[in-house]
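Chain identifiers are assigned alphabetically (A, B, ...) following the order of the sequence lines, protein sequences preceding nucleic acid strands; residue numbering begins at 1 within each chain.
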Amino acid sequence: MEFGLSEEQTLLQDSINRYLSEELPLDQVRKIATGDVPDSSVWQGLTELGIPGLLIPEAQGGVGLGYLDAAIVSESLGYHVTPGPFLASAIIAPVALNLAGGQEALLSSIADGSRRVGIAFGEAVGARADAGFTVADGKISGKSLFALDSNADDYLVADADCNLYLVSAADVKRTNLSTVDMTRSTCELVYDNAEATLVSRDVNVFIEALDAGRTMQAADTLGAAQSMLDQAVAYSMQREQFDRLIASFQAVKHMCADMVANLEPCRAMVWYAGHALDELPDEKRLMACHTKAHLQEVGQQVAKTSTEVHGGMGFTDLVGLHYWFKRIGANRQLLGSPEMLREEAARIQGFAA
Amino acid sequence: MEFGLSEEQTLLQDSINRYLSEELPLDQVRKIATGDVPDSSVWQGLTELGIPGLLIPEAQGGVGLGYLDAAIVSESLGYHVTPGPFLASAIIAPVALNLAGGQEALLSSIADGSRRVGIAFGEAVGARADAGFTVADGKISGKSLFALDSNADDYLVADADCNLYLVSAADVKRTNLSTVDMTRSTCELVYDNAEATLVSRDVNVFIEALDAGRTMQAADTLGAAQSMLDQAVAYSMQREQFDRLIASFQAVKHMCADMVANLEPCRAMVWYAGHALDELPDEKRLMACHTKAHLQEVGQQVAKTSTEVHGGMGFTDLVGLHYWFKRIGANRQLLGSPEMLREEAARIQGFAA
Amino acid sequence: MDLSFGQEYEEFRAEVRQFVEDNRDKQPKARDYRSEDAVAWQKKLIENGYTLRTIPKEYGGLGAEPDIIKSRIIAEEFGRAQMHTGLAGQGISMLTPILLEMGTEEQRQEFIRPTIVGEMDWCQGYSEPGSGSDLASLSTRAELDGDEWVINGQKIWTSGAHRADWIFCLVRTEPEARKHHGISFLLFKMDTPGIEVRPLVDMTMTPNFNEVFFTDVRVPKHQIVGKRGEGWQVANALLGFERGSLAPPDAAQSRLNALIKIMHQETINGERLIDNPLFRERLMKIQGRVMAMSYNDMRLLSARINKNQDTKLAAMVVKLQGTELRHELEGLAIDVMGEIGLSFGDNPYVRDAGTWQFQYMYYLGLIIGGGTNQIQRNIISERGLGMPREPRAKVK
Amino acid sequence: MDLSFGQEYEEFRAEVRQFVEDNRDKQPKARDYRSEDAVAWQKKLIENGYTLRTIPKEYGGLGAEPDIIKSRIIAEEFGRAQMHTGLAGQGISMLTPILLEMGTEEQRQEFIRPTIVGEMDWCQGYSEPGSGSDLASLSTRAELDGDEWVINGQKIWTSGAHRADWIFCLVRTEPEARKHHGISFLLFKMDTPGIEVRPLVDMTMTPNFNEVFFTDVRVPKHQIVGKRGEGWQVANALLGFERGSLAPPDAAQSRLNALIKIMHQETINGERLIDNPLFRERLMKIQGRVMAMSYNDMRLLSARINKNQDTKLAAMVVKLQGTELRHELEGLAIDVMGEIGLSFGDNPYVRDAGTWQFQYMYYLGLIIGGGTNQIQRNIISERGLGMPREPRAKVK
């Protein structure tokens with residue numbers, strides 16, 4: 001019995017962390033966030049480490065790893081507020097394309113970094129009055145909002161019945177939709193009778209891709225929140241007020257202790273959610289819903305508390321803490337709010353209609 | 001413009017407080033709670049102060065005061081965890097009987113302390129599978145649960161349509177239902193073709209009586225929570241650990257500050273709710289729902305925090321803090337949970353069906 | 001309990017309402033700070049006694065008796081009509097009362113009139129990077145060199161520094177004295193050589209504040225308010241004044257109404273947000289808390305008018321509760337909007353001009369600023385409840 | 001990640017399951033503490049290695065190698081069948097390991113066997129009215145008079161004192177030494193003259209605990225564990241042991257299931273509680289937290305088996321989080337039941353034998369007991385995160 005990371009997994013995480021610590025200092029995040037440097041710069045480096053192909057079978061040039069492996073990578077990316085299309089192009093799209101079958105060439109292109117695939121799941125997850133589209137005879141017309149990745153080459157689009165289509169970015173009118181989270185991009189896609197290739201009619205393909213995405217969002221929040229906790233403790237150990245390190249004030253100590261108390265059990269929860277996707281088909285959906293919902297609640301508490309521990313500095317761009325704060329905020333809202341996810345968890349267990 | 005208590009109101013509250021401080025030490029509460037002394041002992045004294053007739057017109061021997069006056073009395077009773085049937089027999093029943101009309105004799109008996117009227121509102125507030133009754137041709141059969149006051153002479157019973165009936169205690173089978181709150185009694189009433197006198201078919205009579213009751217519960221919680229806060233501060237100022245008054249630890253100070261921050265604005269809210277019942281017909285229902293709901297949430301936080309500040313002593317019967325804790329708990333559950341009240345508040349504003 | 005202001009005041013209200021009605025189209029656009037329009041408007045308001053009523057005539061005001069109810073009625077009527085209430089800024093709200101209380105006659109003559117009409121704009125130099133909660137530890141130094149103070153150091157959180165004409169500034173003049181006793185309160189022009197203003201971008205990505213650097217800034221010796229070493233007392237007369245105003249319940253009520261509107265308009269999967277029981281429950285919870293703070297505020301107003309209630313605790317909790325409440329209220333709006341709630345900047349789907357995300361962050365800033373909420377809890381427990389002060393201890 | 005225990009252990013599990021099956025009707029009634037039945041059952045469990053497996057043979061145990069997985073399997077199988085797991089009590093769980101580590105050979109011979117088979121029952125004399133969080137300040141004194149300690153003072157929170165044969169007790173023997181260095185660890189019989197036990201009624205209205213008063217209680221000098229003045233170290237070896245066990249996630253999971261059952265059975269206005277979206281949302285929130293604590297527990301188990309993970313923080317948070325979580329879980333059950341949730345004592349409408357109100361209060365007691373959750377936060381921040389200790393300061 002072993003509940004934890006294998007040696008290989010620890011090595012994987014260490015190597016990603018080492019790469020990001022060296023190649024992605026805060027100033028680089030800031031440059032990408034403000035658009036001075038394209039996010040492809042860091043995505044290129046991650047491609048060399050095999051990140052886009054993590055979940056893609058070796059036959060298609062991927063690394064063929066499991067969901068738990070991907071979750072710990074996602075945690076590291078969150079810890080370093082890593083810009084880029086990981087969630088869509090390394091997780092959700094490959095999972096769906098691989099399960100659907102017949103997309104080997106595209107999977108290879110994702111794995112070797114030559115294509116990025118975004119997703120537009122709004123209609124299936126929670127349709128908004130501002131959006132909506134129809135697909136007929138292989139053509140799509142209408143609009144998607146908050147599609148993930150403004151720089152993708154293709155988009156995997158889900159309709160209200162969870163059918164999945166591929167649409168080329170070249171065939172759509174795309175407008176970047178800026179959000180508070182400047183490390184990852186979202187966009188509006190306007191389809192005007194564009195080519196839409198059917199990828200899957202199997203709702204389970206959509207669901208597994210979504211579950212995987214949600215689990216990775218939870219892992220991303222785990223990493224981002226852990227970083228905010230670490231930063232708060234470190235700041236409190238060097239900041240003095242009233243002739244004391246602020247870390248010596250019980251109020252500050254207890255704020256940090258509460259962050260630990262809420263966050264530390266989340267680590268085991270995220271691991272188990274990743275493991276469930278790999279090995280426990282009966283539990284995986286419930287785990288994905290509960291894990292994302294719980295992590296977003298804890299993440300929000302940690303994000304606020306860490307900012308408070310930093311005092312005024314936490315509010316400035318000088319220390320850049322807000323990049324983590326906003327990343328956690330974006331994970332909360334995208335692909336299902338905590339309330340929506342808990343209702344889904346209740347439905348999965350037969351507690352709600 | 002004057003938002004606050006008048007001189008008369010302050011004097012009224014002072015005199016009640018003085019009486020209760022002298023006549024109702026903790027040990028007396030304990031004796032009544034454990035049944036060694038009947039609750040009529042303290043009710044008798046309060047009758048001499050005019051409490052049962054507070055809201056009853058002078059023509060029927062009452063004091064003819066308003067709801068805000070009653071709210072500040074209720075606050076004092078809560079502060080001293082005063083045993084007895086105040087909520088049912090001095091508020092809900094008289095309000096209903098007076099509005100319904102034709103009950104002058106009974107109102108006089110309430111005012112002079114010769115009769116206590118309990119209430120059985122379960123069917124109208126939230127019907128339970130264990131209970132239920134039918135009324136036909138002036139006869140009632142069935143069962144009510146958690147009727148307020150196990151020692152009443154009569155019960156005002158509401159059916160699912162908010163019709164009100166009077167049933168004599170002599171005509172029913174009554175069983176005390178013990179709850180955590182030992183300062184006030186609840187009971188089961190079994191009706192077997194008992195006489196039921198119609199008092200009102202007007203839903204507004206029921207609603208005003210319920211609103212008044214809920215506002216008084218909020219005031220009772222305000223008083224009880226204020227006492228718990230005062231006790232916590234006092235205890236922390238005399239308890240030493242680690243060579244320090246525990247009041248000097250920032251953790252304890254901030255716990256007390258949070259109690260103040262939550263509780264102090266409740267005072268104005270309770271005053272306004274009382275004033276609304278007296279003067280602002282458009283606002284009174286919304287105020288009653290929100291005020292009870294909000295006070296019960298704040299009360300629960302204060303009850304827990306004060307107990308924690310007391311450390312192990314807070315958990316014992318030695319200091320008796322639990323009488324306040326449980327009283328706040330009972331106010332929370334009786335006549336509508338916070339969730340139920342907030343849904344009602346939403347309905348009143350047209351936000352819910 | 002009497003919530004009316006009485007006949008006399010209702011007449012005053014009618015008068016204000018008439019003014020509002022007559023001048024609706026003469027008000028300046030809110031965002032144009034100190035435009036010609038705004039200055040003209042300010043002068044008109046002062047003349048009519050609708051702002052700064054109590055400033056004595058000799059310093060450019062109306063010299064009216066303080067009347068809390070009239071001030072409240074003006075605020076209510078201007079608020080109802082969303083009418084420009086005149087210029088604000090720290091020169092008007094903070095320095096003017098200081099000068100009235102502690103300035104010399106010369107200083108009053110020189111500064112008050114141009115300040116209140118908007119001809120002279122001020123910023124406040126208090127906080128420093130190393131002195132936040134512990135403001136009295138500030139280390140910007142001013143040394144006397146002949147007839148001039150020579151100032152070196154740095155300030156932070158200086159809002160408006162980029163456009164201010166003058167600064168009122170706390171500096172350490174007696175380095176040997178105990179920390180609260182070594183501070184002086186200086187006034188000087190922002191175009192004095194040696195001052196550098198750098199915008200300070202915050203988490204809202206806007207330069208709401210600045211850093212201000214002083215390098216050998218030379219200031220005439222007489223530009224001091226109060227005595228040398230008494231600057232802490234001069235400044236402190238006003239710190240309490242600032243705090244209560246950080247979380248006005250009226251604004252919370254108006255944001256709540258805006259949120260209710262959103263929840264009626266927006267849908268997810270065709271269901272209005274207000275029809276989602278979980279979001280509605282969260283809305284009702286917040287509404288209950290907003291109501292409690294609103295009535296608390298009415299109680300405070302009444303206590304200021306009638307002076308017959310002890311509302312010390314009720315006043316102390318406003319900043320702590322009000323800022324947390326606003327942060328949660330704005331956060332609820334973001335939550336209910338789902339992805340759209342994340343919109344910020346030039347995103348066309350942004351609702352209410354992006355104010356939800358902005359205020360959500362800004363109120364987190366206010367939880368920290370103006371005395372962090374941890375400091376507020378210290379104040380409530382120590383000054384409010386009489387619990388012991390934090391024992392002095394060096395911990396490095 | 002490998003959540004199976006492997007073939008060898010599955011065989012062991014089958015063996016345990018068979019034992020459980022065969023002995024289902026032989027177990028004693030849970031509430032009869034130390035009945036003849038219970039003692040006989042205890043002996044049977046020890047013989048079969050299903051409790052206290054690792055106690056050496058010479059002291060009455062099986063002398064098995066420590067095997068965390070086997071212990072876990074036993075707990076799981078006995079738990080699943082709701083089978084009596086043998087005697088508990090502080091003699092078995094706390095004193096026995098102390099004696100094994102720090103007792104003399106004579107003490108082990110004298111006390112361990114009768115303790116583990118249930119013939120000798122113990123209570124623990126640590127806390128005092130004036131010494132709770134600051135346990136080391138305890139003031140019950142023992143003075144040597146010839147060959148005897150003479151004990152005077154008072155203990156509190158002494159569970160089981162009314163039925164215990166013996167007490168293990170911290171007393172101050174060196175009043176001149178610094179507080180942690182003046183304490184000794186004594187063992188003595190509860191029928192020694194001068195001991196008075198008074199039941200301590202708590203908020204659940206039951207005497208779960210006692211106060212114990214000592215007046216010139218005379219105890220043979222040799223009944224000390226460890227050296228004079230080293231009692232703090234003797235006791236402290238075990239304090240950590242107690243804390244983790246105050247909030248087991250398995251129990252939370254089982255209470256959650258009971259709550260789910262209630263919510264399916266109970267109705268208000270004919271609507272099942274589980275169909276109320278607000279209560280369901282609160283249930284789901286709690287479920288998410290229970291899950292996090294359960295997986296955290298699996299991680300801790302794995303770390304104890306494999307010793308390849310740093311789980312210091314994960315272990316430190318269990319008491320803090322687990323007790324708060326249980327208090328909230330029990331409180332949710334009360335909330336959803338409405339008036340019925342208030343039922344207590346002999347009320348016929350009480351659900352699940354009144355355990356919801358009882359545990360709601362009891363877990364508030366556990367938030368306070370075993371090191372208050374404020375002390376837990378100190379420990380997490382100081383020992384877990386390396387933040388500075390509270391500075392020493394006298395404040396009276």
Side-chain angles (χ1 to χ4, degrees), chain A residues 34 122-123 125-130 145-146 160 175-182 186 188 239-252 255 300 303-304 307-308 310-318 320-323 325-326 329-330 332-340 342-343, chain C residues 127 129-134 136-137 156-157 200-205 209 211 265-270 276 278-279 282 327 331 334-350 357 360-362 364-369 372-375 377-378 390 392-396:
Chain A
T34 52
E123 291 302 301
V125 173
R128 307 299 297 234
D130 304 271
L145 289 188
F146 295 94
T175 314
N176 185 58
L177 296 181
S178 60
T179 74
V180 283
D181 177 16
M182 298 185 296
T186 58
E188 173 190 79
R239 170 77 174 175
E240 287 175 22
Q241 289 287 272
F242 304 105
D243 279 333
R244 289 168 61 168
L245 287 176
I246 64 168
S248 74
F249 286 103
Q250 212 177 17
V252 173
M255 288 165 89
Q300 187 176 55
K304 173 170 184 264
T307 307
E308 285 193 70
H310 279 80
M313 273 302 124
F315 186 60
T316 66
D317 185 51
L318 295 174
L321 196 72
H322 64 92
Y323 289 107
F325 182 96
K326 293 165 178 173
R332 181 180 176 93
Q333 304 295 96
L334 293 169
L335 303 185
S337 68
E339 280 85 3
M340 181 189 285
R342 283 190 290 262
E343 268 299 86
Chain C
S127 297
S131 303
S133 292
D134 184 15
S137 70
I156 194 170
W157 305 115
L200 179 67
V201 174
D202 63 44
M203 75 188 291
T204 68
M205 301 316 279
F209 301 96
E211 296 178 283
Q265 289 170 341
E266 301 276 334
T267 62
I268 293 184
N269 290 328
N276 177 312
L278 306 185
F279 290 149
R282 288 182 61 190
H327 178 68
I334 293 168
D335 272 4
V336 301
M337 287 190 277
E339 306 89 342
I340 289 179
L342 292 172
S343 306
F344 201 60
D346 61 2
N347 183 324
Y349 294 98
V350 89
Q357 280 285 358
Y360 178 63
M361 293 187 267
Y362 199 78
L364 178 53
L366 286 184
I367 284 171
I368 294 165
T372 69
N373 282 4
Q374 282 64 50
I375 295 288
R377 290 186 180 94
N378 282 355
E390 199 60 20
R392 289 260 151 213
K394 278 201 195 253
V395 187
K396 307 271 171 173

### Message
Report which part of C:T372 has an atom under 4.5 Å of a heavy atom belonging to chain A: side chain, backbone, both, or neither.
### Response
neither
### Query
Going through the distances and angles, do C:D335 and A:R332 end up as a salt bridge (Lys or Arg N to Asp or Glu O under 4.0 Å)?
CA-CA 8 Å; C:D335 272 4; A:R332 181 180 176 93; 2.6 Å; yes
#### Entry: Heavy-atom contact with chain C under 4.5 Å, split by part of A:M313
both
### Message
If I measure from the heavy atoms of chain C, does A:A129 come under 4.5 Å with its side chain, its backbone, both, or neither?
### Response
both
### Query
Given a strict heavy-atom distance threshold of 4.5 Å, which part of A:V252 is in contact with chain C: side chain, backbone, both, or neither?
neither
### Message
In the structure I gave you, are the side-chain heavy atoms of A:K326 and C:M205 within less than 4.5 Å of one another anywhere?
### Response
yes
### Task
Could you tell me which portion of A:F242 (side chain, backbone, both or neither) has an atom closer than 4.5 angstrom to a non-hydrogen atom of chain C?
both
#### Entry: Residue selection (most heavy-atom pairs with chain C, distance under 4.5 Å) from A:M340, A:E343, A:Q333, A:H322
A:Q333
### Summary
Between the CG atom in A:N176 and the CG atom in C:D346, the distance rounded to the nearest 0.5 Å is 7.5 Å
### Heavy-atom contact with chain A under 4.5 Å, split by part of C:R377
neither
### Task
Please determine, among A:G312, A:A160, A:A247, A:A251, the option with the most heavy-atom pairs under 4.5 Å with chain C.
A:G312
### Task
Kindly compute the distance separating CD1 (C:I340) from CZ (A:R128), expressed to the nearest 0.5 Å.
3.5 Å
### Message
Which atoms of C:E339 are under 4.5 Å from chain A, going by heavy atoms: the side chain, the backbone, both sets, or neither?
### Response
both
### A:I246 versus chain C, the contacting section by heavy-atom distance below 4.5 Å
neither
### Task
Please flag which part of A:S337 lies under 4.5 Å from any non-hydrogen atom of chain C: side chain, backbone, both or neither.
side chain
### Task
Examine whether an atom of C:I156 lies under 4.5 Å from a heavy atom of chain A, and if so say whether it belongs to the side chain, the backbone or both; otherwise answer neither.
side chain
## Note on the structure
Interface check, chain C: of A:M255, A:R342, A:H310, A:E123, most non-hydrogen pairs under 4.5 Å belong to A:M255
### Query
If we ignore angles and hydrogens, is there a donor and acceptor under 3.5 Å between the side chains of C:D202 and A:T316?
no
